[in-house]
Amino acid sequence: MKNYLEEQLKKRLTELGWPVDDLQFSRPKKADNGDWSTNIAMALARVVRQAPLQIAHTMMDELSLDPEIVDRYDIVAPGFVNFFQSPDYLAHQIRQIVTQDTRYGRNNSGAGQKAQVEFVSANPTGPLTVGHGRQTVLGDTIANILDWSGYEVVREYYFNNAGRQMRKLGESLRARYLTLKGLPTELPEDGYQGEYLVDIARDLLDKQPDLTVDTELSVFKEYAEAGIFQIIKGTLARMGVTHDVFYNENTLYESGKVEEVLDELRRKDLVYEKDGATWFKTTALDFEQDRVLVKSTGEPTYRLPDMAYHREKFRRGFNFIVDVFGADHQDTYPDVLAALKVMGFDTSKVHVVIHQFVTLMRGDEVVKMSTRKAEFVTLDELLDEVGVDVVRYFYIMRGAGSHLNFDLDLAKRQTEENPVFYLQYAHARIASIFRKAEERGIEFDAHAGLKKLNEPETLALINELLTFPEVVERCLRTLAVHHLPNYLYSLATALHKFYTEHRVISDDVTLSQARLLLLKAVKIALRNGLQILGVTAPERM
RNA sequence: GCUCCCGUAGCUCAACCGGAUAGAGCAACAGUCUUCUAAACUGUAGGUUACAGGUUCGAGUCCUGUCGGGAGUACCA
C-alpha cells in the first residue's frame with residue numbers, strides 16, 4: 001500500500017511541477033488518522049508558497065486511487081493527508097501471509113550481499129559473564145535480522161590468545177595445578193581467581209600428572225585456553241548461538257597482515273617513532289592526540305591488529321560489517337576506522353553498535369563484576385536459573401543505548417509477570433484454538449471469505465499483523481533490534497483483546513473460518529518474530 | 001578538563017527521518033471466567049519529557065548552555 005501511494009503521489013507531484021524529495025509516509029498512532037499518512041503538504045508549504053490545506057486539495061483533487069487498495073482519504077488540519085485501506089486489500093494481505101508462511105517478514109534488500117557480525121569476542125580468560133550476555137544476544141539477533149533481509153551472514157568471534165592477560169592465565173593455572181599436587185603455590189598478582197581454573201587444573205592433573213614448576217608456561221596456557229573455550233562454546237550453544245568463524249588475532253601476525261598495515265600507514269606518512277614506541281599520527285586526521293601502535297617493548301597495542309582485522313573484513317568481500325562492542329570500547333574504533341579510511345576503504349559499510357553496561361542487581365544491591373576476581377555471575381548460572389527464552393528476551397527488550405538493570409532476584413522469580421510468557425501464551429492460545437477447531441470438525445480454509453472481519457478489535461489486530469515486515473526493515477535500518485520484541489508485545493496484546501471480545505469457533509461456519517484464517521496469519525507472525533529473537537514458540541503452555 | 005551514552009508516570013522502559021491527545025509493563029485501587037487456556041481482559045489514578053534558551057507550521061526527538069548518572073580519556077584489551 002505504501003509503495004502504491006508513493007508511486008501515485010510522486011506522479012501527481014511531478015505533474016504539478018513540485019519536488020518529490022520530501023515525500024514520506026508514516027503510520028499514524030490513532031486509528032482515526034488512517035492507516036497511512038503523509039505530511040507532504042506541510043513540507044511543501046514553504047517551497048510552493050501556499051497554505052498546506054490548499055496544497056493538499058490541489059494535489060488530491062485530480063488524483064484517482066484504486067478503490068481495491070485505498071478505501072478513502074481525509075485531508076486534515078494542519079495539512080495531513082490520511083489514507084484508509086480498503087477491506088479487499090486487507091483480505092488479500094492476510095491470504096498472502098498464509099501463503100508466505102515461514103517467509104512472512106523476510107525481505108530481500110540485502111540479496112546478493114555478504115554481511116558479517118562480530119560479537120562476543122571475549123578473550124578465553126574465563127567463562128562468559130552476565131555482562132557478555134547482552135552482547136551475545138544483541139549480535140545474534142542483529143545477524144538474524146540481516147539474514148531475514150536477504151544477506152548472506154557470517155557470525156564471527158575474534159579473540160586474542162597471546163599477550164599479558166594470557167600469560168597471567170597460564171601462571172594462574174600453574175599455581176592451581178601445583179597446589180593440587182600438594183605444592184601450595186600463591187596465585188600471581190592480578191591472577192585469575194575463579195573456581196573454573198581449579199576444575200581445569202584438576203582435569204590437567206588427571207591427564208598429565210608429571211608437570212612441574214619448570215614445565216614451559218605455554219603448556220599451562222594452552223590447556224587453560226582450550227578448557228575455557230570449551231566452557232564458552234558450551235554457553236553459546238545453550239544460548240542458541242553458533243559462530244561461523246573463530247578468528248585468532250595471532251594469524252594476522254603470522255601472515256604479515258599486521259606489518260602490512262604498518263607499512264601502508266608509513267607510506268602515507270602517518271607513522272613516526274618517539275620514545276622507543278611507534279605512533280599513529282592521528283592528530284593529522286583531526287583527532288586530539290596521537291596514539292601508540294607499537295609499544296617500546298615491541299608489542300603492538302590492540303589497535304594495530306584491529307586495523308589489520310578490519311582490513312581483512314573488507315578484503316573478504318563483506319558489504320555490511322557490524323561490530324558489537326560494550327561501552328568500554330567507545331574510544332577504540334574511531335582511530336581504527338580512520339586508518340581504514342586512509343587505506344581507501346569505504347567505512348560507511350562498518351556499523352558499530354555500542355551497548356551500555358548491564359548493571360546486575362540482587363534486589364537493591366548492585367553486584368560488582370570482575371573476571372579476574374571470583375566476583376561474577378556467569379551466563380551459565382543465569383541460564384540455569386531462568387532459561388534461554390527469558391534470558392534472550394530480557395537482554396534484547398531495551399535499546400542498546402540504555403543501561404540495563406538486570407535484577408537477578410526478579411529474573412529468578414519471573415513466572416507470571418513475565419513478558420516472554422505473555423508472548424508465548426498468545427502463540428499457544430492460537431494453537432489451542434486450532435486444536436479445538438479440529439475437534440469440532442471445522443475445516444481450515446485458506447480461501448475463506450473475510451468480509452465479516454470488521455469489528456474494531458479485529459481490524460486493530462489485522463493492522464498490527466500487517467506491520468511485521470516494516471518492523472523487520474526498521475530493525476535493519478536502525479540496527480536497534482529492541483523494536484521487534486516491542487512490536488511482538490503489541491501484536492500479542494491485540495490478539496488477547498480480540499480473543500476476549502470474539503469467539504473464534506461458533507455456529508457460524510463462515511465467520512469461524514474467517515477468524516481461523518486471520519489467527520493462522522497472526523500465529524505465523526508471532527512464530528517468525530520469536531524465531532528472530534531466538535525464543536521458542538510453544539504449541540501449548 | 002575533553003569525548004561518547006543516558007535523563008520521559010512511584011519503579012523498569014517505549015515513542016521509526018521532527019508530526020496529530022507522550023504510550024506499555026510492574027506496583028496501587030475497582031471490576032470481568034456455565035462458553036476456544038483468567039499466564040488473559042476492562043476501568044480509575046499517575047507527566048512542566050532534568051532545567052533554561054533557540055530553530056519552525058509543529059520539538060521528548062534538532063542546536064546552544066546548565067545540572068545529574070554512566071563509560072572512556074594508558075606504551076591494558
Side-chain angles (χ1 to χ4, degrees), chain A residues 22 24 26-30 32-33 37 39 42-43 45-46 51-52 76-80 82 121-123 125 160 163-165 249 274-279 287-289 291-303 305-306 326-332 334 354-357 359 397-405 407 410 415-426 428-437 439-440 442 470-471 473-475 477-478 480 482-483 485-487 489-490 492-493 495-506 512 515-516 519 540-541:
Chain A
D22 288 334
Q24 49 181 279
S26 62
R27 281 194 179 270
K29 286 175 200 159
K30 288 191 59 181
D32 291 350
N33 290 330
S37 176
N39 62 352
M42 287 176 286
R46 180 174 293 185
V76 180
F80 291 105
N82 298 332
S121 295
N123 285 339
T125 57
N160 167 10
R164 205 181 69 91
Q165 279 187 48
E249 179 186 319
K274 193 181 92 185
D275 303 333
T278 306
W279 294 72
F287 283 79
E288 289 207 357
Q289 50 186 301
R291 306 283 190 167
V292 170
L293 290 172
V294 183
K295 299 184 240 177
S296 51
T297 57
E299 257 180 299
T301 61
Y302 64 87
R303 78 189 95 233
D306 251 23
D328 54 337
H329 283 60
Q330 194 88 227
D331 261 17
T332 72
I354 300 231
H355 69 269
Q356 297 301 310
F357 277 157
T359 308
M397 68 196 283
R398 305 298 181 213
S402 306
H403 291 92
L404 182 68
N405 281 325
D407 186 337
L410 190 73
T415 46
E416 288 168 22
E417 359 170 312
N418 200 310
V420 190
F421 297 152
Y422 182 85
L423 278 186
Q424 295 183 317
Y425 181 51
R429 223 174 195 182
I430 297 173
S432 165
I433 292 169
F434 273 93
R435 284 193 295 272
K436 185 63 97 183
E439 231 171 74
R440 296 277 175 85
I442 297 174
E470 293 159 34
V471 175
E473 281 168 32
R474 191 157 120 214
C475 287
R477 194 174 66 242
T478 59
H482 68 282
H483 290 129
N486 288 345
Y487 161 73
Y489 195 89
S490 35
T493 300
L495 182 271
H496 288 312
K497 283 181 182 174
F498 165 83
Y499 176 93
T500 309
E501 291 297 322
H502 307 290
R503 279 193 68 77
V504 175
I505 296 161
S506 65
S512 298
R515 287 180 174 163
L516 279 175
L519 287 204
R540 56 178 86 225
M541 288 174 75

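Reckoned from all heavy atoms, side chains included, excluding hydrogens, waters and symmetry mates. Reminder, nothing fancy here: chain letters follow the sequence lines and each chain counts from 1.
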Measure the distance from CE on A:M42 to P on B:G19 and round it to the nearest whole Å. 11 Å
Taking only the P atom of each, what is the distance from B:A30 to B:G69 in whole angstrom? 40 Å
Anti versus syn assignment for B:C62, with syn defined as within 90° of 0: anti
Name all residues meeting the side chain to side chain donor-acceptor pair (under 3.5 Å) criterion together with A:E470; count only those two or more places apart in sequence or in a different chain, and write none if there are none. A:R27
Can you check the distance between B:G54 and B:A59, where both ends of the measurement are the C1' atom (answer in whole Å)? 11 Å
Evaluate the side-chain proximity of A:I430 to A:Y499: yes if any heavy-atom separation is below 4.5 Å, no if none is. no
Using whole Å, what does the distance between atom C1' of nucleotide B:A40 and atom CG of A:L423 come to? 13 Å
Indicate, with a heavy-atom threshold strictly under 4.0 Å, whether A:H502 touches base, sugar-phosphate, or nothing. base
What is the nucleic acid contact for A:S490, judged by heavy atoms within less than 4.0 Å: base, sugar-phosphate only, or nothing? nothing
Please confirm whether the shortest side-chain N or O distance from A:R46 to OP1 or OP2 of B:C57 is below 4.0 Å. yes
Taking B:A15 as the reference, what is the distance to B:G31 when you measure between their C1' atoms (whole Å, please)? 30 Å
Same-atom distance (P) from B:G60 to B:G7, integer angstrom: 14 Å
Heavy-atom check, side chain of A:Y302 versus side chain of A:N160, under 4.5 Å: no
When you measure from the side-chain N and O atoms of A:K29 to the phosphate of B:G23, is any distance below 4.0 Å, counting only OP1 and OP2? no
Base of B:A20 paired with side chain of A:N82 (donor-acceptor, under 3.5 Å): yes
If I take atom CG in residue A:N486 and atom P in nucleotide B:C13, what distance separates them, rounded to the nearest angstrom? 13 Å
Hey, what do you get for CD1 (A:I433) to CD (A:E439), rounding to the nearest 0.5 Å? 13.0 Å
Nearest-Å distance, NE2 (A:H483) to P (B:A14)? 9 Å
Evaluate the side-chain proximity of A:D22 to A:N39: yes if any heavy-atom separation is below 4.5 Å, no if none is. no
Return whichever of A:F80 or A:G399 has its heavy-atom-nearest nucleotide of RNA chain B closer to the 5' end. A:G399
Does CZ belonging to A:R435 count more than 12 external heavy atoms closer than 6.0 Å? yes
Measure the distance from CG on A:L404 to C1' on B:C13 and round it to the nearest whole Å. 10 Å
Phosphate contact (B:A14 OP1 or OP2) by A:S402 side-chain N/O below 4.0 Å: yes
Determine whether a donor-acceptor pair (one donor, one acceptor, N or O, separation below 3.5 Å) exists between the side chain of A:T493 and the base of B:A24. no
Look at the side-chain N and O atoms of A:R429 and state whether any lies under 4.0 Å from the OP1 or OP2 oxygen of B:A38. yes
Once hydrogens and angles are ignored, does a donor-acceptor distance under 3.5 Å link the base of B:U42 to the side chain of A:K497? no
Under 4.0 Å, counting only non-hydrogen atoms across every strand here, what does A:A437 touch: a base, just sugar-phosphate, or nothing? nothing
What heavy-atom pair brings A:G399 and A:H482 nearest, and what distance separates the two atoms? CA-ND1, 3.4 Å
Whole Å only: how far is the CZ atom of A:R440 from the P atom of B:C36? 8 Å
In terms of ring plane angle, is the pair A:Y489 and A:Y422 parallel, tilted or perpendicular, where the classes change at 30° and 60°? parallel
B:U21 to B:U49 separation - P atoms, rounded to the nearest Å: 14 Å
Return no unless some side-chain N or O of A:H482 is found under 4.0 Å from OP1 or OP2 of B:C13. no
Distance between the C1' atoms of B:U42 and B:A38, in whole angstroms? 13 Å
Stem regions touching RNA chain B, defined by at least 3 consecutive Watson-Crick or wobble G-U pairs below 3.5 angstrom: B:1-7 with B:67-73, B:10-13 with B:23-26, B:28-32 with B:40-44, B:50-54 with B:62-66
On RNA chain B, more 5' by nearest nucleotide between A:D32 and A:Y499 is A:D32
With heavy-atom distances below 4.5 Å as the criterion, would you say the side chains of A:E299 and A:R164 are in contact? no
Can you build the contact string for nucleotides 70-77 of chain B? Use B for base contact, S for sugar-phosphate-only contact, and - for no protein heavy atom under 4.0 Å. SSSS-BSB
Tell me: CD1 of A:I442 to P of B:U35, nearest whole Å? 18 Å
Out of B:A40, B:A14, B:A20, whichever nucleotide has its closest atom nearest the side chain of A:T500: B:A40
Between B:U8 and B:U61, how far apart are the two C1' atoms, rounded to whole Å? 12 Å
For the student: nearest non-hydrogen atoms of A:A492 and A:L423, plus distance: CB-CD2, 3.7 Å
Ignoring hydrogens and geometry, is there a side-chain-to-backbone donor-acceptor pair from A:S512 to A:S506 under 3.5 Å? yes
Between B:A38 (P) and A:I433 (CD1): distance, integer Å: 10 Å
Would you say the side chain of A:D306 lies within less than 4.5 Å of the side chain of A:T301, judging by non-hydrogen atoms? no
Syn-anti status, with the boundary at 90° from 0, for the nucleotide B:C17: syn
Separation of the C1' atoms in B:G47 and B:C41, to the nearest angstrom: 26 Å
